[in-house]
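Below, each value reflects all heavy atoms present in this structure, side chains not excepted, and no hydrogens, waters or symmetry copies.
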Amino acid sequence: MAPVAGPDPVSGWAVRRPGPMASGPLAPVHRPAPEPGPDDLLLTVEACGVCRTDLHLAEGDLPPHRQATVPGHEIVGRVVATGEAVTAFRTGDRAGGAWLRSTCGSCRYCRAGHENLCPASLYTGWDADGGFAEAALVPADFAYPLPDDQDATLLAPLLCAGIIGYRALRRSALPSGGRLGIYGFGASAHLAAQVALAEGATVHVLTRSARARQLALDLGASSAGGAYDRPPEPLDSAILFAPVGDLVPVALEALDRSGTLAVAGIHLTDIPPLHYQRHLFLERSLRSVTANTRQDGREFLATAARIGIRVTVSPYPLSRAPQALADLAADRVEGAAVLTPG
């Protein structure tokens with residue numbers, strides 16, 4: 001194992017008492033630098049994206065899996081120590097840690113290439129401490145090599161917002177040259193939209209934020225309207241990024257015949273009753289999106305590099321992590337919020 005050169009003690013933030021952001025669910029923590037196990041990387045964190053899943057954990061929409069967990073699963077860092085079994089990374093490499101942290105590798109889902117459905121899967125920032133800190137452990141088999149020559153704050157959102165948005169796009173079954181509706185336009189949506197546009201889709205964005213609507217138009221969307229507005233044409237596919245169940249029937253009704261709606265969030269408020277003829281008839285499909293596979297991550301990162309994806313970020317120092325989550329809750333973040341230690 002390479003010598004530990006990371007900060008000791010490590011400062012960060014943990015979810016002490018889940019609840020509304022106004023109640024102060026995050027508390028500062030100072031802990032010894034974690035020791036990597038045989039298969040782990042120890043990273044000094046250069047940047048960590050702030051995901052809506054982190055907000056759901058802080059506010060209690062997701063039940064905590066352990067006490068006082070450090071959230072954050074869009075981690076960009078430098079390897080400062082490696083476990084004795086690690087061969088793919090060396091000290092000094094830049095690596096990324098993402099949401100999917102481990103799977104059993106042997107269940108029928110893993111064997112079939114659906115490791116995102118593994119019943120034994122574990123997640124960074126939920127089952128183990130994440131990147132709202134100065135250092136973090138990441139299993140090497142679930143880490144991504146990252147380029148040295150790019151801004152860490154622009155890489156961080158790719159590791160969850162980008163990967164999940166990419167999987168949601170694929171789950172939406174968008175046909176070649178199809179018409180895509182995107183409901184909600186935050187971190188994931190603004191990246192998925194660029195992949196769809198690069199592949200020749202027509203994109204219509206529907207979101208309550210005026211700033212997000214302008215960003216969508218700047219990125220090339222054909223239209224941008226309010227969250228409950230009707231898009232200007234029937235949709236072949238739609239993705240719901242906003243965690244608002246009321247939008248499910250709205251998006252389904254906007255679909256053309258045989259259209260597909262993919263719901264991208266890990267948490268969604270209750271869906272109101274659906275009317276079969278208006279919402280589901282004519283072979284419309286409703287799909288969920290559950291985490292991602294490592295293959296999704298590899299494909300998306302390669303696609304992002306190929307198309308020159310534009311990442312819009314709102315940076316915050318690590319010391320202002322509670323404010324970043326509060327701003328995310330209030331839709332005050334343009335693009336993706338990113339924390340930077342130091």
When rounded to the nearest 0.5 Å, the distance separating CG of Leu62 from CD1 of Ile266 is 5.0 Å
If hydrophobic residues (ILVMFWY) are linked whenever their side-chain heavy atoms come closer than 4.5 Å, directly or via other members, who joins Leu282 in its cluster?
Tyr183, Leu206, Tyr228, Leu235, Leu240, Val244, Leu247, Val248, Val250, Leu252, Leu255, Leu261, Val263, Leu268, Ile271, Leu274, Tyr276, Leu280, Phe281, Leu286
Determine whether a donor-acceptor pair (N or O, by modelled atom type, separation under 3.5 Å) exists between the side chain of Asp129 and the backbone of Val70.
yes
Near Gln67 CD, under 6.0 Å, is it more than 12 heavy atoms from other residues, nucleotides or ligands?
no
Connected via hydrophobic side-chain network under 4.5 Å: Val15 and Trp126:
yes
Heavy-atom pair with the smallest gap, counting every atom of Glu134 and Pro9:
OE1-O, 3.8 Å
Which atoms form the tightest heavy-atom contact between Gly130 and Ile75, and what is the distance?
C-CD1, 4.0 Å
hydrophobic_cluster_shared for Leu154 and Val76, side chain cutoff 4.5 Å:
yes
Could you check if a side-chain atom of Leu26 sits within less than 4.5 angstrom of a side-chain atom of Pro71, using non-hydrogen atoms only?
yes
When you measure from the side chain of Arg111 to the backbone N and O of Ser106, does any donor-acceptor pair fall under 3.5 Å?
yes
With a 3.5 Å distance limit and no angle check, can you tell me whether Arg78 reaches the backbone of Gly92 through a side-chain donor-acceptor pair?
yes
Val195, Tyr144: one ILVMFWY side-chain cluster at the under-4.5 Å cut-off?
yes
State whether the number of non-hydrogen atoms from other residues, nucleotides or ligands found under 6.0 Å of Arg90 atom CZ is greater than 12.
no
Whether the side chain of Arg31 engages the backbone of Val10 through a donor-acceptor N/O pair (distance < 3.5 Å, no angle test) should be reported.
no
Could you tell me whether Arg170 and Asp296 have a side-chain N and a carboxylate O separated by less than 4.0 Å?
no
Leu55: side chain to side chain contact (heavy atoms under 4.5 Å, CB included) partners, not counting sequence neighbours
Met21, Arg52, Glu59, Leu325, Leu328, Ala329
Counting distance only, does the side-chain N/O of Gln194 pair as donor-acceptor with the main-chain N or O of His190 below 3.5 Å?
yes
Qualifying residues under salt bridge (Lys or Arg N to Asp or Glu O under 4.0 Å), relative to Arg310, sequence neighbours excluded
none
Would you say Ile182 and Val203 make side-chain contact, with heavy atoms under 4.5 Å?
yes
Is Thr269 reaching over with its side chain to a backbone N or O of Gly245, donor-acceptor style, under 3.5 angstrom?
yes
Could you give me the CA-CA distance, side-chain angles and deciding distance for Ser222 and His204, then say whether side chain to side chain donor-acceptor pair (under 3.5 Å) is met?
CA-CA 6 Å; Ser222 293; His204 301 289; 5.2 Å; no
Can you label the angle between the His279 ring and the His275 ring as parallel, tilted or perpendicular, going by 30° and 60°?
perpendicular
Considering non-hydrogen atoms only, spot the tightest contact between Ala143 and Val138 and give its length.
CB-CG1, 3.7 Å
Neighbour count above 12 (heavy atom, 6.0 Å) for Arg332 CZ
yes
Reported CG-to-CD1 distance for the pair Leu100 and Ile163, which is rounded to 0.5 angstrom:
9.5 Å
List, by chain and number, the other hydrophobic cluster members for Leu117, where Ile, Leu, Val, Met, Phe, Trp and Tyr join if side-chain heavy atoms come within less than 4.5 Å, directly or indirectly.
Tyr109
Of all residues at least two apart in sequence or in a different chain, which pass the salt bridge (Lys or Arg N to Asp or Glu O under 4.0 Å) check with Arg211?
Glu334
Check whether Arg171 reaches the backbone of Val289 with its side chain - one donor and one acceptor, N or O, closer than 3.5 Å.
no
Using 30° and 60° as the class boundaries, would you call the ring planes of Phe300 and Tyr166 parallel, tilted or perpendicular?
tilted
In Å, rounded to the nearest 0.5 Å, how long is the span from OG1 of Thr153 to CD of Glu46?
10.0 Å
Identify the heavy atoms of Thr260 and Ser172 that sit nearest to each other, and give their distance.
CB-O, 3.3 Å
Ser11 side chain to His30 main-chain N or O, any donor-acceptor pair under 3.5 Å?
no
Report yes if some heavy atom in the side chain of Val50 is under 4.5 Å from a heavy atom in the side chain of Leu339; otherwise report no.
yes
So that I can tick it off, tell me whether Asp127 and Arg101 are bridged by a salt bridge, with the cut-off set at under 4.0 angstrom between side-chain N and carboxylate O.
no
Using side-chain heavy atoms (C-beta onward) and a distance below 4.5 Å, is Arg167 in contact with Thr293?
yes
Minimal heavy-atom distance between Cys48 and Gly72, with the atoms involved, is SG-CA, 3.7 Å
Could you walk me through whether Asp256 and Glu233 pass the side-chain contact (heavy atoms from CB on, under 4.5 Å) test, one step at a time?
CA-CA 9 Å; Asp256 205 348; Glu233 60 181 335; over 6 Å; no
Walk me through it: do Leu219 and Phe185 pass the test side-chain contact (heavy atoms from CB on, under 4.5 Å)?
CA-CA 12 Å; Leu219 291 174; Phe185 204 72; 4.1 Å; yes
Side-chain contact, heavy-atom cut-off 4.5 Å: His56 with Pro243?
yes
Are Leu159 and Val338 in one and the same hydrophobic cluster, where Ile, Leu, Val, Met, Phe, Trp and Tyr link if side-chain heavy atoms are under 4.5 Å apart?
yes
Val205 and Leu215, any side-chain heavy atoms less than 4.5 Å apart
no
More than 12 heavy atoms of other groups within 6.0 Å of Arg66 CZ:
yes
Donor-acceptor pairs under 3.5 angstrom involving side-chain atoms of residues 315-322: please list them, not counting sequence neighbours.
| from | atom 1 | to | atom 2 | distance (Å) |
| --- | --- | --- | --- | --- |
| Tyr316 | OH | Asp327 | OD2 | 2.7 |

Just checking, Arg294 and Phe142: is the charged tip under 6.0 Å from the six-membered ring centre and within 45° of the axis?
yes
Flag yes if Ile164 and Ile307 sit in one hydrophobic cluster, no otherwise; membership is Ile, Leu, Val, Met, Phe, Trp, Tyr, and two members link when side-chain heavy atoms are under 4.5 Å apart.
no
Report yes if the side chains of Val313 and Pro157 come closer than 4.5 Å at any heavy-atom pair, otherwise no.
yes
Say whether, by atom type as modelled, one donor and one acceptor occur between the side chain of Asp236 and the main chain of Leu174 under 3.5 angstrom.
no
I want to check something: taking the side chain as every heavy atom from C-beta on, are Cys160 and Thr53 in contact at a cut-off of under 4.5 Å?
no
Mark yes when over 12 heavy atoms from residues, nucleotides or ligands other than Asp148 sit less than 6.0 Å from its CG; otherwise mark no.
yes
Closest heavy-atom contact between Thr103 and Ser121?
CG2-CB, 4.1 Å
In this structure, OG1 of Thr69 is separated from CZ of Arg16 (nearest 0.5 Å) by 10.5 Å
Mind checking the SG-CD spacing from Cys51 to Glu74? Nearest 0.5 Å is all I need.
5.0 Å
Within this structure, what is the CZ-CZ distance for the pair Arg284 and Arg257, rounded to the nearest 0.5 Å?
8.5 Å
